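Just so it is clear: chains get the letters A, B, ... in the order the sequence lines come, proteins before strands, and each one is counted from 1. All figures in this text were calculated on a predicted structure; none of them were measured in a lab. Just so it is clear, the values below take in all heavy atoms, side chains as well, and ignore hydrogens, waters and symmetry mates.
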There are 2 protein chains.
Amino acid sequence: VADLLRPQVLGGTFPAGVLPDERFLAIELACSRNAVREALDLLRGEGLIDRLPGVGTVVTSEKFPHGLNRLAGLAEELREHGEISNEVRAASIVLATGPVAARLGLERGARVVYLERLRRLNGFPLSLDLTYLTLDVGEPLLSLDLAARDVFGLIEQVTGQRLGTADLTIEAVNADAHSAAMLEVPLGSALLMAERCSHLADGRPVDLEFIRFRGDRLRMRVQLPRGEGR
Amino acid sequence: VADLLRPQVLGGTFPAGVLPDERFLAIELACSRNAVREALDLLRGEGLIDRLPGVGTVVTSEKFPHGLNRLAGLAEELREHGEISNEVRAASIVLATGPVAARLGLERGARVVYLERLRRLNGFPLSLDLTYLTLDVGEPLLSLDLAARDVFGLIEQVTGQRLGTADLTIEAVNADAHSAAMLEVPLGSALLMAERCSHLADGRPVDLEFIRFRGDRLRMRVQLPRGEGR
């Protein structure tokens, strides 16, 4: 029942963001009022709805769709939903550890640019992004407006090259203490964790990001073709 | 530090699945031994590693990659990683509730086939799949071997049509009590939740699935092109 209600809550189905009463929902969903109540409790636990005295059950949150069919920065992607702001918490040159160096095709200990950004949509925390950039690409960015602009656009401006492809891995993790504090969610909340390595058009990897999205704020969407070679 | 170690743990980097000692990791990752210890605690909390007396820290789990560039069933997708088995917990004809009917292009209350399957990879719980199929496509499946075969293959066999595209939404949710019990994870564990609506080649939606993957067992992978129209 919760799985059926969730997309409606998130999709803005309910007029004025107020859910119908339990009896109506039970009929609509062909289930018991108890099942509706438990489902609403679950959704309230996920921070999607709340019960307001005298009003009823209201939608409190909206999950924003992030498309997966092409490589795009967060601000590009969510432009129609509001304003992305970046709180730049760290921007400096660090030495690449083994795994970071390997992903960027560098020697271990090579100098790379490190960015830590807390990203908000319409003022609410959406994601915590840890970014490693190769020095040639990243160093010029340090003097640019990282708070107002997507890194992707800045990379293309600085290099004069379009970005090519990105390898993206998505998993679900529970929020550790630091991420929970930054993203203002309870410890252990489900986060959508993306690891994205982006390449310039010439194929060179230049931008390795670890992005933790609030699970209650963002979902990813993709349309899949049925491929050959099964 | 945990983000850097996680892909190595999951990627099978460590010989015999045994991690190097903390001192080595601290040097390798250019951080304090305390930071290494905390990161290992986090990864242990995620069920990825464990500490074995006399052996050290070992990899206990592996996250299986699920590609996102084309539509494929789970068994097809993970074939090289082992054997998928399906425990069919429910397979029957039910009346479609409003949201299910809407997604499948049916009238509310239309008869649809409902499947509930617990899917295991090499015997370990991987996902809990709730599936709704249009009656013409789903009913013939009820007499076929749902335990041994992917629903996608069966749909193509029954309809004589290739599947076309699917719309996929991915989010991170905390495990509710039922899902936690089925998937054998602690309550609240991060799950990767997929909602997938698959269409026949002629465009008709026939298969709506809600799939909860154990977050510690599966990650999704996709290669993104940089699109136009920014």
Side-chain angles (χ1 to χ4, degrees), chain A residues 2-5 7-8 28-31 42 45-46 63 65 68-72 76 95 97-100 108-109 130 152-153 162-174 176 188-193 195-196 198 201 210 213 215 218-228 230, chain B residues 2-5 7-8 28-31 42 45-46 63 65 68-72 76 95 97-100 108-109 130 152-153 162-174 176 188-193 195-196 198 201 210 213 215 218-228 230:
Chain A
D3 291 347
L4 292 171
L5 280 171
Q8 298 188 69
E28 169 79 12
L29 298 168
C31 64
L42 264 174
E46 293 174 15
K63 279 203 194 190
L68 278 183
N69 281 325
R70 61 188 193 94
L71 177 61
E76 292 175 39
L95 304 185
T97 58
V100 166
R108 189 199 311 181
L130 313 185
F152 283 174
R162 292 299 304 264
L163 283 165
T165 60
D167 298 312
L168 177 68
T169 301
I170 301 162
E171 43 201 308
V173 299
N174 290 101
D176 59 275
S189 296
L191 305 178
L192 204 55
M193 162 101 176
E195 182 184 327
R196 184 174 60 188
S198 305
F210 299 92
F213 292 103
L218 190 115
R219 50 184 167 167
M220 297 202 173
R221 264 202 206 142
V222 64
Q223 192 180 61
L224 302 174
R226 178 75 166 153
E228 289 91 50
R230 303 187 302 121
Chain B
D3 291 346
L4 293 170
L5 280 171
Q8 298 188 71
E28 169 78 12
L29 298 168
C31 65
L42 265 174
E46 293 174 15
K63 279 202 194 188
L68 278 183
N69 282 325
R70 62 191 192 92
L71 177 60
E76 293 176 37
L95 303 186
T97 57
V100 166
R108 189 198 313 182
L130 312 185
F152 283 174
R162 292 299 305 264
L163 283 165
T165 59
D167 297 313
L168 177 69
T169 300
I170 301 161
E171 43 200 306
V173 300
N174 290 101
D176 58 276
S189 295
L191 305 178
L192 205 55
M193 162 102 176
E195 182 184 327
R196 184 174 59 188
S198 304
F210 299 91
F213 293 103
L218 191 115
R219 49 184 168 167
M220 298 202 172
R221 263 201 206 140
V222 64
Q223 191 179 61
L224 303 174
R226 178 75 166 154
E228 288 91 49
R230 305 186 301 118

Trainee: Measure distances from Leu130(A) to the heavy atoms of chain B and classify the residue's part below 4.5 Å as side chain, backbone, both or neither.
Mentor: side chain
Trainee: At a heavy-atom distance under 4.5 Å, which candidate from Ser189(B), Ala201(B), Cys31(B), Gly109(B) has the highest pair count against chain A?
Mentor: Ser189(B)
Trainee: In Å, rounded to the nearest 0.5 Å, how long is the span from CG of Leu168(B) to CZ of Arg221(A)?
Mentor: 11.0 Å
Trainee: Under the rule for salt bridge (Lys or Arg N to Asp or Glu O under 4.0 Å), what residues qualify as partners of Asp3(A), not counting sequence neighbours?
Mentor: Arg6(A), Arg212(B)
Trainee: Nearest 0.5 Å, please: how far is CG in Leu218(A) from CD in Glu171(B)?
Mentor: 9.5 Å
Trainee: Do you know which of Leu29(A), Asn174(A), Leu192(A) has the most heavy-atom pairs with chain B at a distance under 4.5 angstrom?
Mentor: Asn174(A)
Trainee: List in chain and number order the residues that pass side-chain contact (heavy atoms from CB on, under 4.5 Å) with Leu42(A), two or more places apart in sequence or in another chain; answer none if no residue qualifies.
Mentor: Ala2(A), Asp176(B)
Trainee: Met193(A), Glu195(A), Arg108(A): which one forms the most heavy-atom pairs within less than 4.5 Å of chain B?
Mentor: Arg108(A)
